[in-house]
**Student:** 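Below are the structure tokens for one structure; questions will follow.
Both counts, for ligands and for their atoms, begin at 1 and track the order of listing.
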Amino acid sequence: MVNKLSVRLGVNIDHVATLRQVRGNTTVYPDLVNVMKLAIKGGADQITIHLREDRRHIQEFDVRNITRESTVDVNLEIGATDFMTKVALKYLPDWVCLVPEKRAELTTEGGLDLFKSEHRVRKLISQVQPRGMEVSLFIDPSLRQVEQAALLGADACEFHTGKWVLLKEKRAKAKEWKRLVDAARLCHDLGMRVHAGHGLDVEHVKKIKQLPYLVELNIGHSIICDSVEKGIEKSVKQMKSLL
Ligand code: PXP
């Protein structure tokens, strides 16, 4: 057995902020800090938030509030820019996860290319690690990218599981799973932690937890959707009781 300890769960609460932002931040709900506290009560080992360049969900004040109030690790996902480096140095999350960003994308659609972004990533790592933050790099399960992550001094690779989740055809899915397994093994052999995330739901978690050396998953969308389904009956009852 490679994974003896239970896998850490980072709960990504970006989409709670999405619900607030679709009304232009004019409502006091949903209260992100309260949702964060409930997620921690449920067992979250970490709170993950992504401060996107276009601010479509998490805002800078959320980064301040979450880093201030969280009793578990905070993982801040950012693009490798000078502005985002300043944000990380100001709020000091426990982890910084570097992700690629394209303005028009629906979500983070692929991993970082650590060859194209080599200089920006190296610079950011050299600025945040001395301040006590650990750095994970969100990459596709490619051996070249894993080797480059080690050369850049990353503490962890977070493997993009989105492609594997979406594949339906059995052989193609098995091939992508093998890429994940090989990348995870190399990541561990090169002294980095193995993280994974994107698009994971309860079905895929049953399998992904078998990934060799996996220590952490970051999951958002499926948990937030599930919590709406589990909670709406109670919320409607409350409103109905007032009528
Ligand atoms: N990990 C990273 C680096 C991400 O960018 C995201 C999406 O914001 C996630 C994990 C979570 O993905 P999902 O919301 O699909 O569970």
Side-chain angles (χ1 to χ4, degrees), residues 7-19 21 32 35-36 39 42 44-59 62-63 66 73-81 84 88 93-114 117 121 124 133-142 145-146 149 154-167 180 183-184 187 192-209 211 214-229:
V7 175
R8 276 163 49 84
L9 175 62
V11 176
N12 182 317
I13 57 172
D14 290 349
H15 292 303
V16 181
T18 302
L19 286 174
Q21 292 310 119
L32 229 66
V35 170
M36 172 197 79
D45 301 295
Q46 169 168 280
I47 298 298
T48 293
I49 48 177
H50 182 179
L51 184 66
R52 289 187 74 101
E53 215 177 287
D54 62 12
R55 303 295 192 277
R56 68 174 74 158
H57 38 55
I58 295 294
Q59 307 295 305
D62 293 315
V63 180
I66 298 292
D73 282 356
V74 175
N75 175 31
L76 177 64
E77 297 175 359
I78 50 174
T81 65
M84 291 298 171
D94 302 275
W95 279 87
V96 169
C97 177
L98 296 185
V99 299
E101 266 194 41
K102 293 190 212 102
R103 272 181 181 264
E105 67 189 356
L106 287 176
T107 177
T108 316
E109 283 164 5
L112 266 176
D113 182 334
L114 297 177
S117 58
V121 170
L124 192 147
M133 287 167 264
E134 296 194 86
V135 179
S136 66
L137 302 178
F138 190 49
I139 56 174
D140 293 327
S142 135
Q145 297 291 340
V146 176
D155 298 289
C157 292
E158 178 166 332
F159 293 110
H160 196 308
T161 51
K163 183 176 173 195
W164 171 67
V165 167
L166 290 178
L167 281 168
L180 282 163
C187 179
M192 297 175 289
R193 285 167 44 131
V194 175
H195 298 178
H198 211 280
L200 295 169
D201 55 16
V202 285
E203 280 315 308
H204 286 87
V205 160
K206 288 176 196 160
K207 174 83 177 169
I208 197 81
K209 70 180 188 186
L211 194 67
L214 181 70
V215 292
E216 177 180 308
L217 291 175
N218 286 292
I219 306 180
H221 192 249
S222 72
I223 293 178
I224 303 307
C225 292
D226 185 59
S227 66
V228 171
E229 288 190 32

**Student:** Please work out whether the ring planes of His160 and Phe138 are parallel, tilted or perpendicular, with thresholds of 30° and 60°.
**Tutor:**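 If you compare the ring of His160 with that of Phe138, the planes turn out parallel.
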
**Student:** Examine the proximity of ligand 1 to Asn12 and report which part, side chain or backbone, both or neither, has a heavy atom under 4.0 Å away.
**Tutor:**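 It is the side chain that gets close, since no backbone atom is under 4.0 Å.
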
**Student:** According to ring-ring contact (aromatic ring centres under 6.0 Å, His included), who are the partners of Trp95, at least two apart in sequence or on a separate chain?
**Tutor:**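 Result, ring-ring contact (aromatic ring centres under 6.0 Å, His included) vs Trp95: His195.
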
**Student:** I'd like to check which ligand 1 atoms, numbered from 1 as shown, lie under 4.0 Å from a non-hydrogen atom of Phe138.
**Tutor:**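 Matching atoms, with element in brackets: 2 (C), 3 (C).
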
**Student:** With sequence neighbours excluded, what pairs up with Glu134 under the salt bridge (Lys or Arg N to Asp or Glu O under 4.0 Å) test?
**Tutor:**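 Listed in chain order: nothing, the list is empty.
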
**Student:** So which bit of Asp14 gets within less than 4.0 Å of ligand 1, heavy atoms only: side chain, backbone, both or neither?
**Tutor:**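 Looking at Asp14 and ligand 1, just side chain atoms fall under 4.0 Å.
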
**Student:** Quick check: Glu158 and ligand 1, any N/O pair under 3.5 Å apart?
**Tutor:**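 So ligand 1 has an N or O lying under 3.5 Å from an N or O of Glu158.
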
**Student:** Does a side-chain N-to-carboxylate-O contact under 4.0 Å join Asp14 and Arg52?
**Tutor:**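 No, no charged N to carboxylate O under 4.0 Å.
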
**Student:** Taking the minimum heavy-atom distance to atom 4 (C) of ligand 1, which of His195, Glu77, His204 ranks first?
**Tutor:**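 Considering heavy atoms of His195, Glu77, His204, the nearest to atom 4 (C) of ligand 1 sits in Glu77.
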
**Student:** Residue-level breakdown please: for His160 versus ligand 1, do any non-hydrogen atoms fall below 4.0 Å on the side chain, on the backbone, on both, or on neither?
**Tutor:**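 Neither part.
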
**Student:** Report yes if Gly199 has an N/O atom closer than 3.5 Å to an N/O atom of ligand 1; otherwise report no.
**Tutor:**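 It does: an N or O of Gly199 is found under 3.5 Å from an N or O of ligand 1.
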
**Student:** Flag yes if more than 12 heavy atoms outside His204 fall under 6.0 Å of its NE2 atom; otherwise flag no.
**Tutor:**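 Counting neighbours around NE2 of His204, more than 12 heavy atoms of other residues, nucleotides or ligands fall under 6.0 Å, so yes.
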
**Student:** May I ask you to check whether Glu101 and His50 show a side-chain donor-acceptor distance below 3.5 Å?
**Tutor:**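 Glu101 vs His50: donor-acceptor pair found between side chains.
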
**Student:** Got an N/O contact under 3.5 Å between Gly220 and ligand 1?
**Tutor:**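 The answer is yes, given that Gly220 and ligand 1 share an N or O pair closer than 3.5 Å.
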
**Student:** Side chain or backbone, does Asn218 bring an N or O within less than 3.5 Å of an N or O on ligand 1?
**Tutor:**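 In fact, backbone or side chain, Asn218 has no N or O that close.
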
